[in-house]
Amino acid sequence: MARVGFIGTGEIAALMVQGLAGQGHQIMVSDRNAQVAARLAATVPGVTVAPNAAVVAGSDIVILCLLANVADAALAGLPFRAGQSVISVMVDVGLAKLQKLCDPASDIAITIPLPPIATGGCPLPVYPASAALETLFGAKNRVFTVRDEVALNAHFGATAFCSPFLEQVLTTAAWLAEFTGDSDQSQAYLRDVLCGYLPADGQNGHLGAALKSLSTEGGLNATLRAAMKGANADLRAGLDGFRGRLGLEGKTE
Ligand SMILES: NC(=O)c1ccc[n+]([C@@H]2O[C@H](COP(=O)([O-])OP(=O)(O)OC[C@H]3O[C@@H](n4cnc5c(N)ncnc54)[C@H](OP(=O)(O)O)[C@@H]3O)[C@@H](O)[C@H]2O)c1
């Protein structure tokens, strides 16, 4: 069991605390946001609330859940120590800066949790490898250790694909509902269809095999895909548009 501290008790911290519940960890959350902190202390066994300095002093693993624009001011002067593990989920605060802000702690990693972290089944890309992350979240979530910070940043961009993808699902459901008269049922149907086609494991070429199984020449699947060929180029252009913002310029294999 670990002593785990959260600096910044907002939306993602609350979900991560829920994900850790029931495993015997001692969890300390900072007193901002006070309302969220009080709710977590009241509802999750093992959670206490303390000022930032006490959270850092009393934790083996510190999880940073601040917005980037307050990180400098919030972390300055906190009693980080050598041998302590730090996990940051902050977008736009790179490793070099974290190392300065959390000195002398040096076991520092960045990961990207998503809301399913509250229950498990959340993919967790991380750089560098983090034993602390594995210990806390590895049992219920798949950890994807990546080769460098650029690779990690590219995950922020790739994850954004879910938004246009869901919009396409909704567009298709709306089209279907024009014939069924039942919007809810149409959305539920498409969700189940998608889950049914997605392979349990994305590795070992399984995604490609799933697509191949939907490629019979002249069939409806292949016909619609051909009609939408331009959408792939748009997707690729949109992803490439993130290169400057995510520090990916000129980085490809
Ligand atoms: N939400 C997500 O799904 C998600 C996913 C992956 C990564 N992230 C990243 O996680 C970070 C937090 O996001 P969020 O959505 O959880 O934001 P949020 O709900 O706004 O939480 C940020 C928290 O930081 C607190 N805070 C502000 N100044 C502080 C200080 N000096 N000391 C201690 N706490 C302070 C805020 O408290 P007050 O309300 O009192 O100001 C607030 O509770 C961001 O960098 C975001 O990019 C978020």
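Every number for a ligand or one of its atoms is a count from 1 in the order of the listing.
In this structure, the protein non-hydrogen atom closest to atom 17 (O) of ligand 1 is L67 CD2, 3.7 Å. Scanning the protein for heavy atoms near atom 37 (O) of ligand 1, the closest one is N33 N, 3.5 Å. Closest to atom 24 (O) of ligand 1 among all protein heavy atoms lies G8 CA, 3.7 Å. When only non-hydrogen protein atoms are considered, atom 30 (C) of ligand 1 lies nearest to A74 CB, 3.7 Å. Looking from atom 21 (O) of ligand 1 to the surrounding protein, the closest heavy atom is G10 CA, 3.3 Å. The protein heavy atom nearest to atom 12 (C) of ligand 1 is C65 O, 3.3 Å. For atom 32 (N) of ligand 1, the closest heavy atom belonging to the protein is N52 ND2, 2.9 Å. Looking at atom 5 (C) of ligand 1, its nearest protein heavy atom turns out to be P113 O, 3.1 Å.
When only interatomic distances are considered, the shortest N/O to N/O separation between L66 and ligand 1 falls below 3.5 Å. Where the criterion is an N or O separation shorter than 3.5 Å, residue side chain and backbone included, I12 meets it with respect to ligand 1.
Looking at N69, L64, V89, I110, it is V89 that brings a heavy atom closest to atom 7 (C) of ligand 1. Of the options Q35, E11, R32, the smallest heavy-atom separation from atom 41 (O) of ligand 1 is shown by R32. With L114, V91, D31 as candidates, the residue nearest to atom 47 (O) of ligand 1 on a non-hydrogen basis is V91.
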L64 and L98: side-chain contact (heavy atoms from CB on, under 4.5 Å), yes or no, with the steps? CA-CA 10 Å; L64 306 178; L98 285 170; 3.8 Å; yes
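Within the 3.5 Å criterion, the main-chain N or O of H206 finds no donor-acceptor partner in the side chain of N204. Between the side chain of E149 and the backbone N or O of G94, no donor-acceptor pair lies under 3.5 Å. The backbone N or O of G121 lies less than 3.5 Å from a partner atom in the side chain of N141, making a donor-acceptor pair. The backbone N or O of S85 sits nowhere less than 3.5 Å from a side-chain atom of D107 that would complete a donor-acceptor pair. A distance-only check finds no donor-acceptor pair linking the side chain of T111 to the backbone of V89 [under 3.5 Å]. Between the side chain of Q84 and the main chain of S59, a donor-acceptor pair closer than 3.5 Å is present.
Listed by number with element, the atoms of ligand 1 under 4.0 Å from a non-hydrogen atom of M90 are 45 (O). Every atom of ligand 1 is numbered from 1 in the order shown, and the set under 4.0 Å from a heavy atom of T9 is 43 (O).
The side-chain heavy atoms of R142 and D201, taken from C-beta on, include a pair separated by under 4.5 Å. Side-chain contact check for N153 versus F242: every heavy-atom pair is 4.5 Å or farther apart.
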Table please: side-chain donor-acceptor pairs of residues 16-29 below 3.5 Å, with sequence neighbours left out.
residue	atom	partner	partner atom	Å
Q23	NE2	G19	O	3.0
H25	ND1	A2	N	3.1

